[in-house]
There are 2 protein chains.
Amino acid sequence: MVLSFKRIERSTITEDIIEQLREKILSGEIKPGDKLPPERVLAESLSVARTSVREAIRAMQYMGILEVRCGEGTFLSENTRILTDHFKSSHLLKRFPIMELIEARKIIEGATVYLAVVRSSPEDRDTLQELYQLTATNTDDEEKFLQADFEFHKKIAEMSQNSVLLEMLSAMRELTLEENLDVIKKPGQIKNALDFHRKILGSVLSCDADKAREHMLRHLEDIEQRILELVESRPSDEESDAAGEWQR
Amino acid sequence: MVLSFKRIERSTITEDIIEQLREKILSGEIKPGDKLPPERVLAESLSVARTSVREAIRAMQYMGILEVRCGEGTFLSENTRILTDHFKSSHLLKRFPIMELIEARKIIEGATVYLAVVRSSPEDRDTLQELYQLTATNTDDEEKFLQADFEFHKKIAEMSQNSVLLEMLSAMRELTLEENLDVIKKPGQIKNALDFHRKILGSVLSCDADKAREHMLRHLEDIEQRILELVESRPSDEESDAAGEWQR
DNA sequence: TGACGGTCAGAGGTCTGACCACTGACATCA
DNA sequence: TGATGTCAGTGGTCAGACCTCTGACCGTCA
């Protein structure tokens with residue numbers, strides 16, 4: 001005789017609390033900037049110990065969802081920084097080979113720019129043009145340029161109307177930030193990048209998806225090439241060889 | 001007379017602990033897969049309470065750096081979790097629409113299977129064949145089949161020799177697990193999936209990258225179609241209408 | 001000999017209740 | 001009116017207790 005039992009799912013209190021908070025945030029019951037109930041109150045109304053509540057809050061704090069101010073209270077973050085913040089902390093353990101990251105970017109961004117052409121509205125394309133202008137006026141400060149540069153790429157991903165691809169792009173951007181900065185500091189690189197952006201923009205505006213993808217790939221291959229040059233020119237500035245294997 | 005004082009920076013114990021762990025990780029003193037000291041020991045050697053250690057561990061767990069197994073211990077994550085956890089935590093606040101996840105999968109897996117053909121060794125292809133056999137022998141239990149199914153897709157991603165793409169695939173797999181299970185439970189779906197796998201395998205073995213990509217896309221479009229049917233047959237089993245817009 | 005179940009140590013999970021440190025607001029006083 | 005003191009509320013930290021889960025060891029019994 002074969003008895004069939006249902007698996008009993010056990011979750012930790014911390015998980016449950018995070019899930020409940022998440023729902024309240026999603027439903028709009030808690031809005032960005034709002035103050036959450038004090039830990040003690042939260043614990044009591046959930047019928048759990050304060051320690052459990054604190055672990056959940058701590059986790060969400062480091063995810064960038066909550067902001068904890070000692071003596072004041074716990075607040076829901078203003079939305080925008082949720083992804084990047086979390087990533088900054090975790091990317092300390094750099095692990096992906098830079099060339100693989102770039103290759104992945106080629107695949108993702110080849111797709112986003114293609115979809116962007118197919119799916120975007122004229123207003124979207126106007127915005128993209130404005131963002132291009134913005135990069136063109138930020139040619140003095142590398143960091144600012146890189147920021148504007150990312151806004152341009154991000155806007156394209158948004159125009160693809162696929163939030164997953166957008167998220168992937170943001171993630172990779174964080175992981176390649178350092179290298180991007182190194183590349184852009186090379187003389188002539190800002191102008192170079194701007195040229196590529198202009199070509200991409202042109203293809204998007206004229207709704208030529210294939211050509212847009214083509215220019216995007218050229219752009220990323222160019223970056224790939226520069227990074228390769230950088231890597232070769234300073235063969236190893238990594239110290240630990242044990243960790244070398246899983247450095248990005 | 002103007003006295004100038006240095007600002008006293010106060011950090012929380014949790015921050016300090018995270019910082020110390022981070023240094024040990026970066027220096028290679030703790031390697032991926034390693035077991036950390038028990039919470040109690042860690043607490044004692046840091047001269048802090050166990051609660052503080054737990055908060056630090058919990059934070060790093062949700063950052064994807066540590067893996068906590070109840071009754072066993074705390075471990076430093078293996079390489080590949082970072083992106084997955086990134087997605088999971090952003091998924092906490094904003095669920096990705098299922099159709100966008102599938103679309104992303106088409107883009108990623110179209111690339112991995114192509115690269116797999118180009119880059120894989122004969123041994124890799126043998127292994128893939130074995131994994132196909134494994135799926136073919138697990139047709140009775142849906143959960144097991146799904147697991148074997150994933151191993152097949154994962155192996156392809158590994159053969160592409162791009163850890164970033166592999167990681168993204170894993171992330172998406174976790175986010176679509178539920179829907180995959182629903183699809184595979186439909187009658188005839190296991191056989192259907194096996195057919196597609198066989199075709200993909202065939203193209204890989206004969207080193208036809210374009211055809212392999214083609215079959216992979218057909219496979220995923222098929223899944224897309226099934227999910228669409230599912231979604232339409234139960235239009236709204238979500239409760240909150242405020243959140244409706246963001247639910248996948 | 002090998003499968004099964006009992007036992008136990010060690011690990012994480014949870015709870016309690018206490019006290020400290022910081023913040024903001026209100027009351028007080030010169 | 002402005003500086004100062006006070007205090008309640010909130011997060012930060014602690015010690016110690018007990019629970020549950022995991023893995024390993026070991027004896028029983030077919």
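Numbered from 1 within each chain, the chains take letters A, B, ... in sequence-line order. The structure displayed is predicted, hence computed values, not measured ones.
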According to salt bridge (charged side-chain N to carboxylate O under 4.0 Å, His left out), who are the partners of [X], at least two apart in sequence or on a separate chain?
{"X": "A/Asp149", "result": "none"}
{"X": "B/Lys144", "result": "none"}
{"X": "B/Arg58", "result": "A/Glu55"}
{"X": "B/Glu224", "result": "B/Lys106"}

Suppose we screen for side-chain contact (heavy atoms from CB on, under 4.5 Å). Which residues come up paired with [X], at least two apart in sequence or across chains?
{"X": "A/Glu44", "value": "none"}
{"X": "B/Ile17", "value": "B/Ile13, B/Leu21, B/Leu46, B/Val48, B/Ser52, B/Val53, B/Ala56"}
{"X": "B/Ser121", "value": "B/Glu123, B/Asp124"}

Next item on the list: Over 60° means perpendicular and under 30° means parallel, so classify the ring planes of B/His197 and B/His153, tilted if in between.
Entry: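 Taking B/His197 first and then B/His153, their aromatic rings stand perpendicular (interplane angle over 60°).
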Once you round it to whole Å, what is the distance between [atom2] of [N] and [atom1] of [X]?
{"X": "B/Glu39", "N": "D/dC14", "atom1": "CD", "atom2": "C1'", "value": "15 Å"}
{"X": "B/Asp16", "N": "D/dC14", "atom1": "CG", "atom2": "P", "value": "11 Å"}
{"X": "B/Glu55", "N": "D/dT13", "atom1": "CD", "atom2": "P", "value": "7 Å"}
{"X": "A/Leu66", "N": "D/dG12", "atom1": "CG", "atom2": "P", "value": "12 Å"}
{"X": "A/Leu42", "N": "D/dG12", "atom1": "CG", "atom2": "C1'", "value": "17 Å"}
{"X": "A/Glu44", "N": "D/dT10", "atom1": "CD", "atom2": "C1'", "value": "15 Å"}
{"X": "B/Arg54", "N": "D/dG12", "atom1": "CZ", "atom2": "P", "value": "17 Å"}
{"X": "A/Phe75", "N": "D/dG9", "atom1": "CZ", "atom2": "P", "value": "16 Å"}

Note to self: With a cut-off of less than 4.0 Å, is there a side-chain N or O of A/Arg58 near OP1 or OP2 of D/dG12?
What the structure shows: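 Yes, because at least one side-chain N or O of A/Arg58 sits under 4.0 Å from OP1 or OP2 of D/dG12.
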Check: If only side-chain N and O atoms of B/Thr74 are considered, is one of them under 4.0 Å from the OP1 or OP2 phosphate oxygen of C/dA11?
Finding: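 So the side chain of B/Thr74 is outside the cut-off, no N or O lying under 4.0 Å from OP1 or OP2 of C/dA11.
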Check: Quantified as the angle between the terminal helix axes (five pairs each), what is the overall bend of the helix from C/dT1-D/dA30 to C/dA30-D/dT1 to 10 degrees?
Finding: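 Between the axes fitted at each end of the helix from C/dT1-D/dA30 to C/dA30-D/dT1 lies an angle of 0°.
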Checklist line | Backbone of B/Leu115 reached by a side-chain donor or acceptor of B/Ser160 within 3.5 Å | finding: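 Between the backbone of B/Leu115 and the side chain of B/Ser160 there is no qualifying donor-acceptor contact (under 3.5 Å).
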Next item on the list: Produce a footprint string for nucleotides 15-23 of chain C: one letter per nucleotide, 5' end first; B if the base is under 4.0 Å from any protein heavy atom, S if only the sugar-phosphate is, - if neither.
Entry: BB-BB--BS
Next item on the list: Describe the nucleic acid contact of B/Arg69 in one word from base, sugar-phosphate, nothing, applying a heavy-atom distance below 4.0 Å.
Entry: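 Sugar-phosphate: the residue B/Arg69, judged by heavy atoms under 4.0 Å, touches backbone atoms but no base.
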